[in-house]
Amino acid sequence: MSNALKVTKYLYRDLRTSITVFFSVMIAIVTLPIFIAYQFNTNEGEVNVSGLGATIAVYIFIMGLNIFKSNFKFMQMNNITRSSFYFGSLIALISLALFLAIIDALLNKYMKLFMSYQGLFEQIYPKNLFIADVFWSFSLFTMAVSLGWLITMLYYRSNKLTKIVISIAPVLLLALAGSLNNWTNGSFGENIWNLFSILLGLEQANSYMAVLSFSITALIFFALSYLLIRKSPLKN
Amino acid sequence: MFLDFNSEKPIYLQLAEAIEDSILQDIFKEETQIPSTTEMSVSLKINPATAGKGMNLLVDEGVIYKRRGVGMFVSRGAKKMIIRKRKKDFYDTYILALLDEASKLDISKEEVITMIERGKKE
Amino acid sequence: MSTITIEELTMDYEKNRALVHITLTIEPNKIYGLLGRNGAGKTTLLNLLTNRIFPTSGEIKIDGKNVIENEQALSQIYYMMEANYFPESLKVKDVFRWTKEFYPLFDTAYANELANKFNLNIQKKIKSLSTGYHSIFKAILALASNAKILIFDEPVLGLDAYHRDLFYKELIVVYSENPKTIIISTHLIEEIADVLEEVIVIHEGRIIANHSVEELLASAYQVSGEAEKVDQYMIGKQAAGQKMMGKYKMVTVLKKISKENEEVASELGLSFSKPELQELFIHMTNGQEV
């Protein structure tokens with residue numbers, strides 16, 4: 001087995017507990033309403049639950065944030081090259097995003113049998129297509145994890161000053177966008193919304209447009225991460 | 001005047017001497033196996049190359065010999081060999097120095113012998 | 001064979017220069033001591049050897065191939081760092097298992113045997129290990145790794161006398177069984193002097209000596225006797241250090257003993273002796289170069 005795959009194997013082992021806990025909690029939260037519904041003999045149609053998609057996206061983003069530092073150090077202890085570590089992590093993260101996307105799409109498909117259940121995909125694109133849902137969630141989760149991974153590497157490579165800049169940059173950008181919006185009498189916000197609408201294929205309800213946008217963004221984030229890790233020194 | 005260059009003798013020499021001492025004291029008997037270089041270096045915490053150098057010195061002198069795949073053994077007649085060598089060393093380092101010093105102090109040969117006899121009694 | 005060649009290696013940190021134009025060859029299958037005072041650049045050099053960090057300029061090669069991002073070269077080295085970078089939540093035995101994954105020649109049975117000898121409980125989590133056991137844990141990983149090049153940075157930090165003794169002995173066993181290059185950086189020179197074959201002395205980022213222990217010890221001498229006579233002998237010579245006890249004086253000279261000096265000393269009634277490695281090291285890193 002190549003060292004990159006060994007890294008993947010280690011990361012799976014490292015993530016196992018976290019994923020198990022996450023799903024136990026999530027499944028409990030999803031099934032609790034059903035349990036309550038039956039307990040109180042209410043009409044099951046009244047139980048309305050939205051899917052886990054958004055939660056999983058946040059979860060995998062956080063996983064991206066957490067997967068770098070301690071594992072990079074451990075792999076350095078084993079004289080694993082940065083590129084092996086990078087590609088090993090990449091395989092782990094992408095396969096995980098796919099796994100979570102399939103789980104999420106399965107939940108979206110089968111939870112309907114028990115209650116009124118609408119996944120994130122169905123809420124945005126008013127249709128119920130299993131394969132399209134998998135693709136869409138997969139690309140969304142991949143983008144989320146690539147962003148988390150990139151941020152944690154940016155932090156790792158930065159000195160104190162750059163860290164502060166990175167931390168306040170999103171707030172500044174939001175504030176800037178807000179004032180820009182006011183200054184242009186709302187047309188700035190409208191244009192941004194239109195842009196998003198096109199990128200996510202909202203008007204034509206074309207989820208594959210979003211898949212393309214998410215994938216390109218993820219690709220850019222992954223490429224930036226590679227540039228950051230290539231010359232990354234071991235440090236505390 | 002005695003120049004003490006070797007107040008701290010090189011370790012490999014010290015090791016060779018220690019093995020010789022053990023042979024003289026019958027701790028290592030002739031035609032029996034002695035500890036390997038590794039065992040020596042581990043127990044004395046010295047570099048194996050240093051230990052090897054000490055052992056090789058004794059191999060070259062014929063005091064010990066190597067049995068392929070088994071280890072190091074004390075040669076037949078090793079004890080005699082060591083005694084002969086040590087006697088020569090004794091003469092070189094002690095007797096010659098003694099006589100040298102005696103002549104500086106104007107001590108006669110007879111006086112030296114008397115002194116030796118007195119030392120032996122005490 | 002695993003020859004390490006270092007060419008014109010320089011390492012600058014933000015504010016200071018850690019290593020200055022180091023050129024050095026580390027031959028295979030010898031035990032090297034890397035000696036230097038705190039902040040001399042020892043750890044920086046070892047970190048560069050294993051590509052844990054990147055040099056400002058210069059090159060490090062193993063068998064002619066640059067170590068940077070070189071899986072084949074790096075897999076030949078096991079480097080025990082002084083700092084702790086292992087995942088704190090892992091148990092000792094888990095780390096053994098994963099080390100076996102990344103170093104397929106890792107000898108798990110021997111690692112367990114060593115854990116037993118050192119009284120290290122392999123069920124313990126890394127975070128619960130004391131300083132001494134942290135060192136022991138990392139030293140065991142290196143000893144059992146079966147790598148062609150073993151590097152130890154302060155391997156006996158926090159170990160008691162019994163465990164230090166055990167470590168040196170196991171190190172010799174491992175070395176004797178399979179020839180390998182061993183590089184040890186340590187402050188406890190006296191204890192390890194006889195284990196070393198070669199010594200590299202680093203001072204303020206520069207290599208000031210790189211010899212076999214024997215050669216190094218032969219490159220200096222101590223002359224002692226009546227203070228006045230010693231001073232007389234030292235005219236025109238440079239002392240690296242001196243000790244006074246009443247009228248008795250001992251001076252260390254970083255030169256080989258020559259025949260004429262021998263005669264001069266003999267006339268003055270002085271005696272020569274060899275310094276110990278540790279003493280010599282102290283004199284060498286006291287501002288003077290050999």
Side-chain angles (χ1 to χ4, degrees), chain A residues 1-21 63 66-89 91-92 152-153 156-163 225-236, chain C residues 11 13-15 18 43-44 46-56 62 66-91 94-104 106 126-127 137-138 141-142 145 147-151 153:
Chain A
M1 208 194 310
S2 81
N3 277 346
L5 287 178
K6 287 177 184 173
V7 171
T8 309
K9 186 174 163 189
Y10 174 71
L11 294 178
Y12 280 157
R13 181 65 192 78
D14 183 47
L15 294 170
R16 204 172 66 180
T17 324
S18 145
I19 294 171
T20 315
V21 170
M63 192 184 285
N66 287 329
I67 205 174
F68 175 69
K69 214 166 125 185
S70 123
N71 294 320
F72 173 64
K73 289 176 182 172
F74 186 36
M75 292 304 113
Q76 281 287 301
M77 291 304 102
N78 287 296
N79 273 359
I80 297 301
T81 57
R82 288 156 188 80
S83 75
S84 283
F85 175 65
Y86 174 84
F87 288 109
S89 302
I91 294 167
T152 187
M153 269 190 230
Y156 183 78
R157 292 300 307 272
S158 306
N159 54 26
K160 270 204 186 102
L161 185 69
T162 339
K163 265 181 198 153
S225 300
Y226 185 70
L227 293 179
L228 284 173
I229 201 173
R230 228 167 36 106
K231 290 231 159 183
S232 181
L234 178 67
K235 62 178 183 183
N236 251 332
Chain C
M11 182 69 194
Y13 287 118
E14 269 171 44
K15 281 176 189 134
T43 301
T44 301
L46 298 179
N47 285 349
L48 285 167
L49 272 182
T50 45
N51 190 211
R52 302 274 156 101
I53 54 175
F54 291 82
T56 308
I62 293 179
N66 199 316
V67 292
I68 289 181
E69 283 287 277
N70 183 341
E71 201 122 74
Q72 203 255 327
L74 289 171
S75 67
Q76 294 185 50
I77 310 176
Y78 194 96
Y79 173 24
M80 172 197 169
M81 294 186 86
E82 187 189 345
N84 301 322
Y85 290 109
F86 286 90
E88 302 227 298
S89 59
L90 284 188
K91 287 178 181 169
D94 296 330
V95 178
F96 283 0
R97 213 188 90 214
W98 287 106
T99 306
K100 172 89 185 159
E101 190 79 38
F102 297 110
Y103 287 90
F106 181 79
I126 306 302
K127 65 171 163 241
F137 152 70
K138 290 182 293 183
L141 289 176
S145 72
K148 292 291 287 172
I149 300 169
L150 300 185
I151 303 177
D153 194 4

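Residue numbering restarts at 1 for every chain, and letters A, B, ... go by the order of the sequence lines. In this text the structure is predicted, and so the values were computed from the model without any measurement.
- Not a single donor-acceptor pair under 3.5 Å links the side chain of A:Asn79 to the backbone N or O of C:Tyr79.
- With chain C as partner, the option from A:Arg82, A:Lys73, A:Gln76 having the largest number of non-hydrogen pairs under 4.5 angstrom is A:Arg82.
- Proximity to chain C (any heavy atom under 4.5 Å) is shown, for A:Lys9, by both the backbone and the side chain.
- Annotation: maximal heavy-atom pairing with chain A below 4.5 Å, among C:Lys138, C:Met80, C:Met81, occurs at C:Met81.
- A:Asp14 CG to C:Ser89 OG: the interatomic distance, rounded to the nearest 0.5 Å, is 7.0 Å.
- Looking only at side-chain heavy atoms (C-beta outward), C:Asn70 and A:Thr81 stay at 4.5 Å or farther from each other.
- When each of C:Phe86, C:Phe102, C:Tyr78 is scored by its heavy-atom pairs under 4.5 Å with chain A, the top score falls to C:Phe102.
- Across C:Pro87 and A:Tyr10, no two heavy atoms sit closer than the pair CG-OH, 3.7 Å.
- In this structure, chain A has heavy atoms under 4.5 Å from both the backbone and the side chain of C:Asn51.
- The distance from the CD atom of C:Glu88 to the OG atom of A:Ser70 is 9.0 Å, given to the nearest 0.5 Å.
- Between chain A and the options C:Leu141, C:Leu90, C:Asn47, the largest number of non-hydrogen pairs under 4.5 Å is found for C:Leu90.
- No more than 12 heavy atoms of other residues, nucleotides or ligands shown are found within 6.0 angstrom of NZ on A:Lys69.
- Atom CZ of A:Phe85 sits about 11.5 Å away from atom CD of C:Glu69, to the nearest 0.5 Å.
- Atom NZ of A:Lys231 sits in a sparse spot, with 12 or fewer heavy atoms from other residues, nucleotides or ligands closer than 6.0 Å.
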Q. Given A:Phe74 and C:Tyr85, is the side chain to side chain contact (heavy atoms under 4.5 Å, CB included) satisfied, shown in steps?
A. CA-CA 6 Å; A:Phe74 186 36; C:Tyr85 290 109; over 6 Å; no
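- Between C:Tyr103 and A:Met77, the closest heavy-atom pair is OH-O, 4.4 Å.
- A heavy-atom distance below 4.5 Å is not found between the side chains of C:Asp94 and A:Arg13.
- Side-chain atoms of C:Glu101 never come within 3.5 Å of backbone atoms of A:Lys6 as a donor-acceptor pair (strictly under, hydrogens ignored).
- Of all the heavy atoms in C:Ile53 and A:Leu234, the pair that sits closest is CG2-O, 4.0 Å.
- Neither the backbone nor the side chain of C:Ile68 comes within less than 4.5 Å of any heavy atom in chain A.
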